[in-house]
Amino acid sequence: MPEPRAVTMRVDGTLRSGLAEPRLLLADFLRHELGLTGVHVACEQGGCGTCAVRLDGRLTLSCLVLAVQAHGAEIATVASLASDGELHPIQRAFQAKHGLQCGFCTPGMLLATQALLEANPAPSDGEIRAHLSGNVCRCTGYGAIVAAVREAAKLLRDELA
């Protein structure tokens, strides 16, 4: 078995290090080595979006990236959204519009929404659905999620005004 390697990355603004076997997935490294349980793991094949993180600013499925590949990277998890105990507008919108039920898909949905709204501050419902098509939710039926993304877009635009 290959020797574990030291892996260092900045996660949610904090420099973090741990050991990773060369084949260890980033999702497992974040959860088990660093204790960051906001990164959820479900399909482990890149089909559900629950493990989404922002890797050097890009929305990335952490179950498809090896931890050693992320050495030196900047990682943002769902924990990066809230600031000083205050929910991010995206989180507030999901709460207000009931865009979550069991919460398992929520971290990936929130980060996917953040990436969408950075690229397109006023997406149509079709654009929202297309962008979130890589995120599986088994509880909500997506109507409330689309409404939450619309609300988040409005809140973010209002913040800039």
Side-chain angles (χ1 to χ4, degrees), residues 9-14 16 20 24-67 69-70 73-157 159:
M9 57 189 67
R10 187 167 299 282
V11 183
D12 300 331
T14 302
R16 303 287 302 265
L24 183 67
L25 298 174
L26 177 58
D28 293 325
F29 179 79
L30 293 169
R31 286 185 62 80
H32 303 296
E33 184 69 18
L34 301 184
L36 302 173
T37 56
V39 177
H40 292 176
V41 178
C43 75
E44 297 184 274
Q45 299 175 7
C48 69
T50 63
C51 68
V53 298
R54 304 287 300 268
L55 178 87
D56 291 331
R58 296 187 63 202
L59 188 64
T60 302
L61 299 174
S62 62
C63 74
L64 297 180
V65 176
L66 299 173
Q69 291 175 298
E74 179 83 28
I75 307 287
T77 72
V78 69
S80 70
L81 290 176
S83 177
D84 296 325
E86 294 291 321
L87 294 179
H88 187 279
I90 294 170
Q91 292 169 306
R92 291 196 319 264
F94 269 71
Q95 183 180 43
K97 296 296 181 181
H98 308 287
L100 56 99
Q101 283 184 22
C102 81
F104 197 77
C105 71
T106 305
M109 287 287 185
L110 294 173
L111 291 173
T113 297
Q114 181 187 40
L116 169 63
L117 296 180
E118 285 174 2
N120 181 356
S124 68
D125 284 3
E127 290 168 324
I128 293 169
R129 288 182 183 280
H131 186 80
L132 296 180
S133 65
N135 294 74
V136 176
C137 176
R138 295 180 184 218
C139 300
T140 66
Y142 297 96
I145 291 172
V146 172
V149 175
R150 278 195 315 264
E151 177 69 11
K154 179 187 176 307
L155 290 173
L156 289 168
R157 284 192 308 272
E159 269 190 3

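Throughout, numbering of the chain's residues begins at 1 and tracks the sequence. Computed over heavy atoms, backbone and side chain alike; hydrogens, waters and symmetry mates excluded.
At distances below 3.5 Å, at least one donor-acceptor pair connects side-chain atoms of Arg16 with backbone N or O atoms of Leu34. Although no hydrogens or angles enter the test, the distance criterion places no donor-acceptor pair under 3.5 Å between the side chain of Glu118 and the main chain of Ala115. A donor-acceptor pair under 3.5 Å links the side-chain atoms of Tyr142 to the main chain of Cys137, judged by distance alone. Put simply, the side chain of His40 gets close to the backbone of Phe104: a donor and an acceptor are under 3.5 Å apart. Using a distance-only test at 3.5 Å, with no hydrogens or angles considered, no donor-acceptor pair links the side chain of Ser83 to the main chain of Glu86. Distance alone, capped at 3.5 Å, places no donor-acceptor pair between the Glu33 side chain and the Leu30 backbone. Here the side chain of Glu127 pairs a donor or acceptor atom with the backbone of Ser124 at under 3.5 angstrom. The main-chain N or O of Cys51 is found under 3.5 Å from a side-chain atom of Ser62 such that the two form a donor-acceptor pair. Distance alone, capped at 3.5 Å, is enough to place a donor-acceptor pair between the Arg31 side chain and the Val39 backbone.
Of all heavy-atom pairs between Met109 and Val136, the closest is CE-C, 4.4 Å. Closest non-hydrogen pair, Ile75 versus Met9, comes out as CG1-SD, 3.7 Å. Across all their heavy atoms, Leu59 and Arg54 have their closest contact at N-NE, 3.9 Å. Minimum interatomic distance between Leu87 and Ala82 (heavy atoms only, all atoms of both residues): CA-CB, 4.4 Å. The minimum heavy-atom distance between Ala112 and Asn135, with the atom names listed, is CB-OD1, 3.8 Å. The heavy-atom pair separating Leu61 from Gly46 by the smallest distance is CD1-O, 3.3 Å.
In this structure, CG on Leu55 lies 9.0 Å from CD on Gln69, to the nearest 0.5 angstrom. In this structure, His88 NE2 and Thr113 OG1 are separated by 10.5 Å, a value rounded to the nearest 0.5 Å.
Residues Ile90 and Leu111 form no side-chain contact, since every pair of their non-hydrogen atoms from C-beta on lies 4.5 Å or further apart. In this structure, Leu100 and Thr140 have side chains that are not in contact, with every pair of non-hydrogen atoms separated by 4.5 Å or more. Between Thr106 and Val78 there is no side-chain heavy-atom pair separated by less than 4.5 Å. Here the side chains of Val149 and Leu132 are in contact, with some heavy-atom distance below 4.5 Å. Two residues are said to be in side-chain contact when any heavy atoms from C-beta on lie closer than 4.5 Å; Val65 and Leu25 fail this criterion. Side-chain contact between Leu66 and Leu24 is absent, with no heavy-atom pair separated by less than 4.5 Å.
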request  = Any chance you could lay out the salt bridge (charged side-chain N to carboxylate O under 4.0 Å, His left out) test for Glu74 and Arg58, step after step, and finish with the verdict?
outcome  = CA-CA 10 Å; Glu74 179 83 28; Arg58 296 187 63 202; over 6 Å; no
request  = Mind running side chain to side chain contact (heavy atoms under 4.5 Å, CB included) on Leu64 and Glu44 for me, showing each step along the way?
outcome  = CA-CA 8 Å; Leu64 297 180; Glu44 297 184 274; over 6 Å; no
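More than 12 heavy atoms of other residues, nucleotides or ligands shown are found within 6.0 angstrom of CZ on Arg157.
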